Number of protein chains: 2
Amino acid sequence: MTDPPTRTSRRRPTLADVAAIAGVDSSLVSRVLRDDPRGFASAETRDRIVRAAQEVGYRANAAARGLRNARTMTLGLLLPGFSSPVYSSIAHGVEERANERGYGIVLGTHAAGDPHETVSGMLMHGRVDGLLVASGRIEDRELRRLVDRVPQSVVVVNRQVRGVAASVVLQDADAAVLAVRHLVQLGHRRICGVFGPSTLDTMVRRRRGFGEECRRLGVEASTVEMAGRDHRAGFEGARRALDRTPAPTAVIAGTFPMAVGMLAGMHTAGVAVPGEMSVLSLHNDALADYLLPRLSAVGLPTERLGAEAVDLVLDLIDGGRPRRVVVPEPPRLVVRDSTSAVPAGQDRL
Amino acid sequence: MTDPPTRTSRRRPTLADVAAIAGVDSSLVSRVLRDDPRGFASAETRDRIVRAAQEVGYRANAAARGLRNARTMTLGLLLPGFSSPVYSSIAHGVEERANERGYGIVLGTHAAGDPHETVSGMLMHGRVDGLLVASGRIEDRELRRLVDRVPQSVVVVNRQVRGVAASVVLQDADAAVLAVRHLVQLGHRRICGVFGPSTLDTMVRRRRGFGEECRRLGVEASTVEMAGRDHRAGFEGARRALDRTPAPTAVIAGTFPMAVGMLAGMHTAGVAVPGEMSVLSLHNDALADYLLPRLSAVGLPTERLGAEAVDLVLDLIDGGRPRRVVVPEPPRLVVRDSTSAVPAGQDRL
DNA sequence: CTGTTAGCGCTTTCAT
DNA sequence: ATGAAAGCGCTAACAG
C-alpha cells in the first residue's frame, strides 16, 4: 500500500491515487474521467473525482491504456529523411491531421540502419496502430512482404506498389501535362524533361505525362534520366539537356531542387534563362520567389498527401477496405520569370 | 485458453504462444529472447525457444514492456515545423542518435494546436521517457512550468532558458565573430547585421557576437532586427540595410534563408553582389552552391546538436545531473562567391 | 536450469 | 450509482 501522492510527490499519479483521494473505486474514476456513457455518477461524486484528478495532475498512462485496449493511438511515419521539401511537407500534413484525429506520430527516418528493420520494428512491436511509408528507398518486394503480414495497416504515400493496395498519390502525370502545355503555349517546340531515377514511382508518372502530352501536341520531346533528384542532379542535368542536338528551347525539371540546380547549371553554361532557355519546375516551393530568375513552377498539393494518408490508414484500422487514393486537388501552374516565349529564330521545328 | 496461433493466424503472437510451442514457461522465453544473464537455458531448450519465436514471428509488445519497466524507450521531439533547414537537420541528428541508442522518436510539431498541450501530452501520459524541445515558440514561462513538474527529462535544444538547467546550443556567437573577421579581412569597415527577432535565443547570441567583434576590431556596425527569419525577412532586411547612411559595404544574415532572401533583395534593389555588396550567411546549406552568386557562409554543426541532445536527455533519464552543453565543434567559414574585397573608393571609414 | 507468482495501470464485465 | 475482479503481455523475485 502506497500512500496517495500529494502535489509534491514525483511518482506519476495513477487511477488508484485519484480514487483514494476521492474515496471511490478506481474503476469509477476511469469511467468518469473518460465520460464513459456507462459511468453515471452522482454529480457530487463526479465533482470530487474530477477535483482529485486535477489536484494530483492525473494523466492516464499511455502504455497501460494501450495494453488494455490493444490500441496505441499512434501512427508510424517512415521517411527517407528531410532532404527534400516534399518530405517535410508530407510530415507536416501527416502530423497535423493525425493530431486532429487524436493520434500521435512516431517518426522513422532510415538514415541509419536497415529500413526494413525500422519498419517492422514499429509495426511488429505494436508501437503503432498503422504505418505510413513515404519512402522510395524501401524495395517494393520488402514492402509487399511487410504488407502480407499486416495488410490492414500500411499505406504507401506518394507512391504506388503492386501488391500493396492502400496508397495515396498526387496527380503527377497531370502536373507534367500542365507543364508541357504552358511551354507549348509560349511557342516552345523542343522540350527536354530532366527526371530523377525511374526506380521512383513519381518520376515514372511525371515522365509518362510529359511524354504523352508532347506526343499529343506534336512537339519534340527528349528526356534525361539522372541518378539523383537533388540540386546536383539538376545542375548536371542542365548540361545533359544542352548536349542534345538540336538543343531544346525549354526544360522541365522533375523536382524542385533539380530545377534550382538547373538554373545554376544554365548560368554556368552561359545560357540565359529565360532569354535562351525556359526552365520550369515540377513542384513549387516558397524559395521559388527568391531565386534569380524567379522560378516558374507547377505546384502540387503535398500537404494534402499527408492528410489523406492519415484518413486512409485510420479507415483501414477501423476495418475499411484498402483503396488507391488520388488527391483530388489538381496541380496549379505558377508562372514567374524563368519561362518566356521561345527566342526569335528558334520557333520552328 | 486460446490455441497457439499458426503462421497464418492474425493475432499478434505473445510470449505465451511461443512458450506453448516450445513447451516451456513464458518467463523462460522472456529471459532467453532478451539474453537475460539470469536466463541460462540448455542449448537445446534455447534453440527450441528461438525457433518457436521465429516460427510465429514473435515480437515483444512495446506497451506491455513499457508498462512493466516504466520505460518506453521513446523520446519526444518538439519542433515548430520543418520550415527551416535547421529544424530538419536537428530532427535528423536526433533520430539517428536515438536509433543508435535503441530509442524511438515521437514527433510533435505544434503547427496545429496548443504547444503546451502537445508537450505535456507526450510527457505526462508517459508516452515518452524524455523530451527534446527545439522550438523557440514555446514561451520560457511555459517551459519552466513544465520542467518544474518533470525536471529530470526535458532538454531544450538550440536555446537556453533561465530556470531550465539542461540545454544544448551551438557556438552561435563565435559564428558571428568568424563572419565579422572574414569581412574585415576583406577590407570591409561598415557592416550591417540583419537578424531575426530577439525573442529567439540564437538570434540574441549571434547578434552579441557580431556587435562585440565589430567593436573589438573597430569597425562600424549597424543592426537590423526583423520580425521573421525566413526568405521574406531577408528580402526586406536587404532594403532596410541599404537604407542606412552611409550604406554598409557588407551584410551578415542571421539565418540561411534570410541570406537567400537578401541575395534576391539586393538584386531587386540593383545592388551587385559581391561587386557592390558582400553577403554572408550564418548557417550553411547544400543550396548555397546553387545560388547566384554562390553564397559564402559560416557553417554550424547542426546535426551534432541533435546527437548531443539525445545523449544529454538519456543521461538525465539515468539520473545524471542537468548540464548546459555547448557543441564543441567550432563554426567553419566557407568562402564562396558572395563575399569579396570592398569596392574601390569605399575602403575608408 | 526452469517454473511460479505477482504486479505494472488501465478498462470492462458482472455484481450489488 | 458504485464496487469487485479479471486480464491485456511482459518481467523480476523467488523457488525449486
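Here is how names work: the chains are called A, B, and so on, in the same order as the sequence lines, proteins then strands, and each is numbered from 1. None of the values given here were measured: they were computed from a predicted structure. For the numbers below, each heavy atom of this structure counts, side chains included, while hydrogens, waters and symmetry mates do not.
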message: Between A:E55 and A:R51, does any side-chain N to carboxylate O distance fall below 4.0 Å?
response: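 Judged by the 4.0 Å cut-off on N to carboxylate O distance, A:E55 and A:R51 do not form a salt bridge.
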task: Using a strict cut-off of less than 4.0 Å between a Lys/Arg side-chain nitrogen and an Asp/Glu carboxylate oxygen, indicate whether B:D17 and B:R12 qualify as a salt bridge.
output: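 No salt bridge links B:D17 with B:R12.
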task: By nearest nucleotide on DNA chain C, pick out whichever of A:L28 and B:A41 is the more 5' one.
output: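 Looking at the nearest nucleotide for each, B:A41 comes out on the 5' side.
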query: What bend angle does the helix from C:dC1-D:dG16 to C:dT16-D:dA1 show across its length, from five-pair end axes and to the nearest 10 degrees?
result: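 Axis-to-axis angle, ends of the helix: 40°.
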message: Please check: side-chain N/O of A:R97 versus main-chain N/O of A:G93, any donor-acceptor pairing under 3.5 Å?
response: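 Flag not set: sc A:R97 to bb A:G93 has no pair under 3.5 Å.
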- request: Output the distance between atom CG (B:L28) and atom OG1 (B:T45), rounded to the nearest 0.5 Å.
  value: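 One gets 7.0 Å once the value is rounded to the nearest 0.5 Å.
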task: Would you give the length of the straight line joining atom CE of B:M122 to atom OG1 of B:T74, rounded to the nearest 0.5 angstrom?
output: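 Nearest 0.5 Å value for the CE-OG1 distance: 11.0 Å.
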- prompt: In a check of side-chain contact (heavy atoms from CB on, under 4.5 Å) between A:V310 and each of A:L305, A:N99, A:D315, A:L75, which one passes?
  reply: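 Answer after filtering A:L305, A:N99, A:D315, A:L75: A:L75.
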message: If you define the side chain from C-beta out and look only at heavy atoms, does anything of A:S153 sit under 4.5 Å from A:D129?
response: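 Answer no - side chains too far apart.
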- prompt: If you draw a 6.0 Å radius around CZ in A:R141, do more than 12 non-hydrogen atoms from other residues or ligands fall strictly inside?
  reply: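 Atom CZ in A:R141 is not packed in, count stays at 12 or less.
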message: Please identify which of these residues, B:R159, B:R162, B:R145, meets the salt bridge (Lys or Arg N to Asp or Glu O under 4.0 Å) condition with B:D140.
response: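 Option passing the salt bridge (Lys or Arg N to Asp or Glu O under 4.0 Å) with B:D140: B:R159.
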Please list, for nucleotides 11-14 of chain D, all pairs of protein and nucleotide N/O atoms separated by less than 3.5 Å.
unit_1, atom_1, unit_2, atom_2, d
D:dT11, OP1, B:R65, NE, 2.5
D:dT11, OP1, B:R65, NH2, 3.0
D:dT11, OP2, B:S30, OG, 2.7
D:dT11, O2, B:R68, NH1, 2.1
D:dA12, OP2, B:R34, NH1, 3.3
D:dA12, O4', B:R68, NH2, 3.1
D:dA13, N6, B:R31, NH1, 3.4

message: Taking any atom closer than 4.0 angstrom to a non-hydrogen atom of chain A, what span of DNA chain C does the protein reach, first nucleotide to last?
response: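 Here the contact window of chain A covers C:dG9 to C:dT13.
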task: Considering non-hydrogen atoms only, spot the tightest contact between B:P80 and B:A134 and give its length.
output: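 It is CD-O, 3.5 Å.
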